[in-house]
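This report refers to the structure that appears directly beneath it.
Every heavy atom of this structure was used, including side-chain atoms; hydrogens, water molecules and symmetry mates were not.
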Amino acid sequence: MVNSFGSRLLSKTAKCEEFSESEVPIDESHMSEDEEEMLEERTSYIPPFSYLLNPVKMITMGYPGAEISGFKFSLGSGLSNNFMMSHEFHLAPKAQGAQTGNPMMDMFSEKTPFYSLNLQYHHGKISQTQQNIAFSLIGRTDSTGKVDAMFFKNFGNTRMKIHSNFMNSNIMYSSTNLELEHQGKTSKQVLTIATQAINYNILEKLGKQLLFGLEVNYLFPKKTVGTGWGLRYSPSASQKYYCQYSSMAGAYTLGSYFRYGEELAAGVELELGGAQKASTAIFGIQRKTKNYKVNSSLRSDGDIKSIFAYQTMAYKLRLFLGGNLWKEDFRAGYGFSFGQTED
C-alpha cells in the first residue's frame with residue numbers, strides 16, 4: 001500500500017527530533033527519497049535490505065505503480081486521528097491480455113474498471129506532538145475479489161508484521177507471511193517466513209558513509225538456497241552510490257543518486273544479467289517544488305515514462321505519459337485525488 005497513514009503523520013505532524021520511527025508503521029517500499037533522507041538524518045533509521053535501492057528506483061520510476069492507465073479517482077478522509085478510509089475508482093481501458101490457460105490469471109490480465117476500499121486503524125495515542133501506537137491494522141479490498149490485510153505490532157526495537165493476501169474467494173490462491181524486523185543502533189535485521197520461502201537479511205552501518213548488507217533465501221519447493229549482498233556509499237547527502245547482487249535472479253544492480261539544490265534530483269540505474277541475460281541502463285530526473293513534481297525516465301531499450309503531479313492541501317492531480325521510442329506503443333493516464341488518500 002502506497003504511503004501509509006504513518007508516513008503522512010511523520011511528514012505532517014510529527015517532530016522528527018522527538019520521534020522514534022518504530023512507533024508508526026512506515027511503508028518503506030514506497031518511501032520517497034526525501035522521507036528516507038529525513039529519517040536517516042534525524043533518527044536512527046536504517047533502510048531495510050530489500051529497499052536499499054528505493055531512492056534510485058523512485059527517481060527512475062522502477063517501482064510498481066509508477067504508471068497510470070486510463071483514469072483513477074481517489075477520495076479519502078481521516079475519520080479520526082486513528083482511523084482513515086479512502087475509496088479508489090480505476091477506469092482503465094479494457095484490453096484482453098495474453099491467454100495463459102488459467103481462467104483466474106486471464107481475468108486479472110484484463111484491464112477491467114474496478115473499485116477499491118482502503119482502511120487503516122492505528123490503536124494508541126496520536127496527537128500533534130506524540131505518536132504512541134500499540135498496533136495497526138491495514139486492509140484493502142476491491143471489486144475483483146482481491147483482499148489484502150496487514151497487522152503491525154511493535155515490541156521495543158522489534159516490529160512484527162503479518163500480511164495475508166487473497167486473490168479471490170478461492171483459499172488455494174491465498175498467501176500469508178510473517179515478518180520480524182529488529183532495528184539496532186547500527187543495524188537492521190529482517191526475517192520473513194512465507195508459505196514457500198524463508199528470507200533473512202541484515203544491513204549494517206559501517207561508519208557514517210557506508211551501509212553493507214547480506215541476505216539468504218531458502219525456497220521450499222525447489223529446496224534451493226540463494227544469497228545476495230548490497231552496499232551503499234554516501235560521500236555526502238547529495239551523492240549516493242549503490243551496488244546490489246542477487247544469486248536467485250543472477251543479476252547485479254548498480255545505482256547512483258544525485259541531488260542538485262532543494263528542487264532537482266537525478267538517478268542512474270544499471271541492471272546486469274537477470275532472466276534475460278541482458279544489460280539495461282535507466283536514467284531518471286525529478287524536479288520538485290512546493291506544489292508540483294515532474295518525474296521522467298528513459299531506458300536504454302527505448303522505454304520512456306513521465307509523470308506530472310500538482311498538489312494542494314485539498315487535492316492532487318497526476319498526469320502520466322509513457323511509451324517506447326522503438327515501437328508503436330504509447331500509453332497515457334491521469335488521476336485525481338481529493339482529501340487524504342493512498343497515492
Side-chain angles (χ1 to χ4, degrees), residues 1-2 4 22 25-31 46-54 56-57 62-65 100-102 104-105 108-109 136-141 144-155 157-184 187-204 211-232 242-253 255 269 271-277:
M1 301 183 70
V2 180
S4 70
S22 63
I26 299 173
D27 185 1
E28 285 119 336
S29 63
H30 284 84
M31 185 185 297
I46 296 175
F49 179 90
S50 302
Y51 303 128
L52 182 63
L53 278 159
N54 189 60
V56 176
K57 290 188 176 293
Y63 61 95
T100 65
N102 185 321
M104 188 197 73
M105 296 304 295
F108 283 101
S109 69
S136 297
L137 296 170
I138 298 176
R140 180 184 184 276
T141 184
T144 67
K146 184 177 179 181
V147 177
D148 276 290
M150 286 184 283
F151 172 79
F152 292 87
K153 173 67 177 177
N154 293 313
F155 303 92
N157 292 330
T158 301
R159 184 180 75 168
M160 178 181 70
K161 180 176 79 171
I162 301 175
H163 180 198
S164 292
N165 173 272
F166 302 86
M167 292 296 291
N168 55 25
S169 59
N170 192 334
I171 197 69
M172 291 180 60
Y173 297 104
S174 66
S175 63
T176 299
N177 65 65
L178 168 67
E179 180 181 290
L180 298 174
E181 176 186 291
H182 177 74
Q183 169 81 56
S187 66
K188 176 169 284 187
Q189 303 179 63
V190 180
L191 173 66
T192 304
I193 304 174
T195 307
Q196 298 185 342
I198 293 179
N199 173 272
Y200 170 78
N201 60 68
I202 180 172
L203 198 61
E204 184 77 25
L211 284 175
F212 179 75
L214 298 168
E215 75 166 349
V216 178
N217 296 281
Y218 180 75
L219 301 181
F220 293 114
K222 297 183 178 181
K223 297 182 179 180
T224 58
V225 177
T227 59
W229 55 267
L231 62 86
R232 187 193 73 187
Y242 302 80
C243 182
Q244 197 160 351
Y245 170 74
S246 170
S247 65
M248 300 293 290
Y252 289 90
T253 304
E269 189 176 350
E271 300 172 352
L272 307 171
Q276 303 299 323
K277 302 298 181 182

Value rounded to 0.5 Å, distance of CE in M150 from NE2 in H163: 5.0 Å
One thing to verify: whether K57 and E269 come together as a salt bridge, which I'm taking to mean a side-chain N less than 4.0 angstrom from a carboxylate O. yes
Shortest non-hydrogen pair, E181 vs P48, comes out as OE1-CG, 4.4 Å
Between G226 and M248, the two heavy atoms sitting closest are CA-SD, 3.3 Å
L52 and P47 have their tightest heavy-atom pair at CD1-CG, 4.5 Å
Which pair of heavy atoms, one from F151 and one from L137, lies closest together, and at what distance? CD1-CD2, 3.4 Å
Do you know the tightest heavy-atom contact between L214 and F49? N-CE1, 3.9 Å
State, with a plain yes or no, whether a side-chain heavy atom of E204 is found less than 4.5 Å away from one of F212. no
With side-chain contact (heavy atoms from CB on, under 4.5 Å) as the criterion, how do R140 and I138 come out once you've worked through the C-alpha distance, each side chain's angles and the decisive distance to 0.1 Å? CA-CA 7 Å; R140 180 184 184 276; I138 298 176; over 6 Å; no
Apply side-chain contact (heavy atoms from CB on, under 4.5 Å) to N165 and K146, showing your working. CA-CA 8 Å; N165 173 272; K146 184 177 179 181; 3.5 Å; yes
Does S164 use its side chain to pair, donor to acceptor, with the backbone of A149 at less than 3.5 Å? no
Classify the angle between the aromatic ring planes of W229 and Y252 as parallel (below 30°), tilted (30 to 60°) or perpendicular (above 60°). perpendicular
Under the side-chain contact (heavy atoms from CB on, under 4.5 Å) criterion, do T195 and F220 qualify, and how do the steps go? CA-CA 9 Å; T195 307; F220 293 114; over 6 Å; no
Atom of M160, atom of L178 and distance for their closest heavy-atom approach: CG-CD1, 3.6 Å
Could you measure the distance from the OG1 atom of T144 to the CE atom of M167? Nearest 0.5 Å is fine. 7.5 Å
side-chain contact (heavy atoms from CB on, under 4.5 Å) between N201 and L203: does it pass, once the steps are laid out? CA-CA 7 Å; N201 60 68; L203 198 61; 6.0 Å; no
